[in-house]
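Okay, structure first, notes after.
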Number of protein chains: 2
Amino acid sequence: MMGSMSKHPKYQQVADALRREIDNGTYGPGARLPSEAELATRFEASRNTVRSGLNLLVSQGLITSSQGLGYEVRKHEVFELNASRFENLQFPQNGDAYSTDVMNAGRRPHQTFRVELTTTTEYIAQRLEVPAGSRAVLRFCHRFVDDVPWSTQATYYPDWLLQEAPRLAEPGDIAEGTTRYLAGLGVEQVGYADEIATRMPTPEEARLLEIGPGVPALLWTRTGYTAERPVRCTVTTFRGDLNRMNYEIGDLSARNENEAQ
Amino acid sequence: MMGSMSKHPKYQQVADALRREIDNGTYGPGARLPSEAELATRFEASRNTVRSGLNLLVSQGLITSSQGLGYEVRKHEVFELNASRFENLQFPQNGDAYSTDVMNAGRRPHQTFRVELTTTTEYIAQRLEVPAGSRAVLRFCHRFVDDVPWSTQATYYPDWLLQEAPRLAEPGDIAEGTTRYLAGLGVEQVGYADEIATRMPTPEEARLLEIGPGVPALLWTRTGYTAERPVRCTVTTFRGDLNRMNYEIGDLSARNENEAQ
DNA sequence: CGCATCAGCTTGTACCAACAAGTTGAGCAA
DNA sequence: TTGCTCAACTTGTTGGTACAAGCTGATGCG
């Protein structure tokens with residue numbers, strides 16, 4: 001402790017020391033860290049300084065804190081999302097694929113659903129190739145796994161499509177699935193463009209998904225096209241710490257059959 | 001100011017108020033916020049309380065701070081990454097595709113490169129289907145755009161492959177590209193598995209990519225397979241605020257030809 | 001035994017003070 | 001003019017204090 005000789009600020013030394021001890025297993029996933037008072041003694045720092053260091057680790061997603069309980073090392077439990085799977089399955093607007101996926105993993109799925117008439121943001125309008133602010137139907141889905149918020153999914157359909165497919169604007173599920181419904185009306189999707197982005201969640205997103213500090217959001221935008229033009233744009237928001245997106249490209253069929261055994 | 005009646009803590013009210021003003025354009029991208037002292041007066045709070053609020057916005061990636069200068073609203077400049085493009089191009093290990101991409105965008109590319117013999121981490125070993133800790137060649141690339149760090153790319157080749165392809169372990173570029181080199185030796189890639197994840201950067205990543213607080217990292221793992229087994233695993237790390245990953249699935253060829261015009 | 005209370009731990013919020021360190025522009029000296 | 005110094009701003013760091021609020025287990029009453 002004497003000759004640290006470091007020109008780093010003290011709160012950073014605290015954070016670095018704790019990070020090392022978390023990395024090397026001194027404090028494993030789920031373990032409780034010493035209290036602020038104990039750390040203050042150990043590092044010969046004030047409680048405020050120790051708090052600054054801990055705060056750094058919190059905002060880096062390494063630990064969490066709860067009043068009355070203390071700090072504990074975050075444990076990561078990742079849920080794999082296979083984006084390629086939906087290629088043939090069609091997109092699970094009514095949550096069929098989602099529900100079976102979750103139940104197959106031994107979890108309990110739950111979702112809320114609503115439909116509303118809204119106007120397009122710049123972002124959505126650009127992808128649907130309609131004027132910004134034009135009318136659109138939003139079908140919104142809020143999904144939970146074991147009562148833990150998992151994702152929000154917002155699918156926008158452009159105004160012109162509603163003439164051909166009025167049931168899109170009606171509240172409630174479309175039993176056969178929107179993709180099949182649209183295909184039955186001659187609107188057939190031939191391809192997708194996916195965009196994946198990440199950023200810190202907005203307060204609204206943090207509330208809906210119960211995202212704590214230091215955890216980024218993973219945003220998945222899928223725009224579906226017929227041969228002529230885009231027909232839908234889906235923005236799905238995930239908790240970044242609980243999800244990973246997977247794509248398979250090329251011919252891995254032989255491999256996948258192996259893994260299935 | 002009088003009847004706020006809010007049970008939210010004061011530092012959160014400060015953060016919320018500033019966030020609203022950033023959202024509604026009072027402070028646009030790049031704008032400078034009032035100083036801590038001014039905000040303290042306006043919100044009738046101490047400097048520390050104002051700092052707590054500002055800190056919240058910093059760790060949410062909404063603003064940045066610099067000593068002596070003040071706080072300013074972060075401006076987002078996104079660089080699109082088209083993952084599907086590499087499907088046919090082969091993976092640009094020597095940076096050819098990267099350099100042309102960047103120069104086409106009117107930017108100046110720059111990269112450093114090194115090769116080293118290392119051992120596999122659990123994560124890499126699992127994807128290469130080799131024992132954890134086994135020997136592997138790491139070809140590491142650090143990329144810049146206009147001298148701003150852009151990405152780090154680490155490609156691992158399993159031990160067994162070095163018997164057939166010794167040049168992988170030699171320092172320096174492989175002129176024709178590693179994929180072509182391997183194909184010439186009969187090691188032909190037939191598919192990829194991509195994984196995309198996000199999390200807050202480690203200090204090491206934050207240093208290499210100059211990632212400030214409140215900005216997540218975007219991790220792209222691509223495992224390349226021959227018909228029999230994995231032959232390489234590439235982990236690319238991006239700044240989450242500067243990059244977006246794009247995939248195209250299905251038949252969008254007609255659309256892409258249109259856009260090219 | 002069952003259960004409510006409370007002491008004693010934890011973190012959260014809010015304030016004050018002082019000084020360090022980075023930036024900028026005014027103003028002076030060569 | 002040019003170039004340097006420095007005052008006056010900015011945020012960064014570190015210490016202190018006090019009280020609020022959440023959690024847990026021990027205590028003791030009924």
Side-chain angles (χ1 to χ4, degrees), chain A residues 1-2 4-18 22 27 30-74 203 206 210 212-214, chain B residues 1-2 4-18 22 27 30-74 203 206 210 212-214:
Chain A
M1 81 175 109
M2 24 186 335
S4 78
M5 198 56 61
S6 168
K7 52 190 174 310
H8 293 303
K10 201 184 276 189
Y11 76 94
Q12 222 173 79
Q13 298 178 30
V14 172
D16 288 345
L18 290 175
I22 290 170
Y27 303 108
R32 196 172 163 287
L33 260 51
S35 73
E36 294 175 350
E38 288 176 85
L39 292 173
T41 306
R42 170 178 160 194
F43 290 104
E44 293 177 6
S46 74
R47 187 184 159 213
N48 278 343
T49 301
V50 170
R51 276 180 70 82
S52 292
L54 288 166
N55 207 303
L56 208 57
L57 298 182
V58 169
S59 74
Q60 291 169 351
L62 208 69
I63 62 177
T64 62
S65 74
S66 18
Q67 192 171 4
L69 283 174
Y71 294 82
E72 75 173 48
V73 180
R74 201 189 278 280
E210 288 174 18
Chain B
M1 80 174 110
M2 23 186 334
S4 78
M5 198 54 60
S6 169
K7 52 191 174 311
H8 293 302
K10 200 184 277 189
Y11 76 95
Q12 221 174 81
Q13 297 180 30
V14 173
D16 288 345
L18 291 174
I22 290 170
Y27 303 107
R32 194 171 164 286
L33 259 51
S35 74
E36 294 175 351
E38 290 176 86
L39 292 173
T41 306
R42 170 178 161 196
F43 290 105
E44 293 178 2
S46 73
R47 187 183 158 213
N48 279 345
T49 301
V50 170
R51 277 179 68 83
S52 292
L54 289 165
N55 208 307
L56 209 57
L57 297 181
V58 168
S59 74
Q60 290 170 353
L62 208 68
I63 63 177
T64 61
S65 74
S66 17
Q67 191 171 4
L69 283 174
Y71 293 82
E72 77 172 45
V73 181
R74 201 188 279 279
E210 288 173 19

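Here the structure is a predicted model, which is why all the values come from computation and not from measurement. Chain A is the first sequence line, chain B the second, and so forth, proteins listed ahead of strands; every chain is numbered from 1.
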Rounded distance (Å) that lies between atom P of C:dC15 and atom CZ of B:Phe43: 13 Å

Residues A:Glu36 and A:Tyr71: side-chain donor-acceptor under 3.5 angstrom: yes

N/O donor-acceptor pair under 3.5 Å between A:Arg74 side chain and A:Thr64 backbone: no

Value in whole Å for how far the P atom of C:dT10 lies from CG of A:Leu33: 13 Å

Whether A:Ser35 side chain and A:Glu38 backbone form a donor-acceptor pair below 3.5 Å: yes

Side chain to side chain contact (heavy atoms under 4.5 Å, CB included) against B:Arg32, all qualifying residues, sequence neighbours excluded: none

Phosphate OP1/OP2 of D:dG12: any B:Ser65 side-chain N/O under 4.0 Å: yes

Gap between atoms CD and C1', on B:Glu36 and C:dC19 respectively (whole Å): 15 Å

Nearest non-hydrogen partners of A:Ala45 and A:Val50, listed with the distance: CB-CG2, 4.3 Å

A:Ser35 side chain near C:dT10 phosphate (N/O to OP1/OP2, under 4.0 Å): yes

Length of the line joining B:Leu69:CG and C:dA21:P, which is rounded to integer Å: 17 Å

Per-nucleotide protein contact string for nucleotides 13-21 of chain D, where B marks a base within reach and S marks sugar-phosphate only (heavy atoms under 4.0 Å, - for neither): BSBB-B-BB

Derivation of the side-chain contact (heavy atoms from CB on, under 4.5 Å) call for B:Leu56 and B:Val14: CA-CA 10 Å; B:Leu56 209 57; B:Val14 173; over 6 Å; no

B:Tyr71 OH - C:dT23 P separation (whole Å): 15 Å

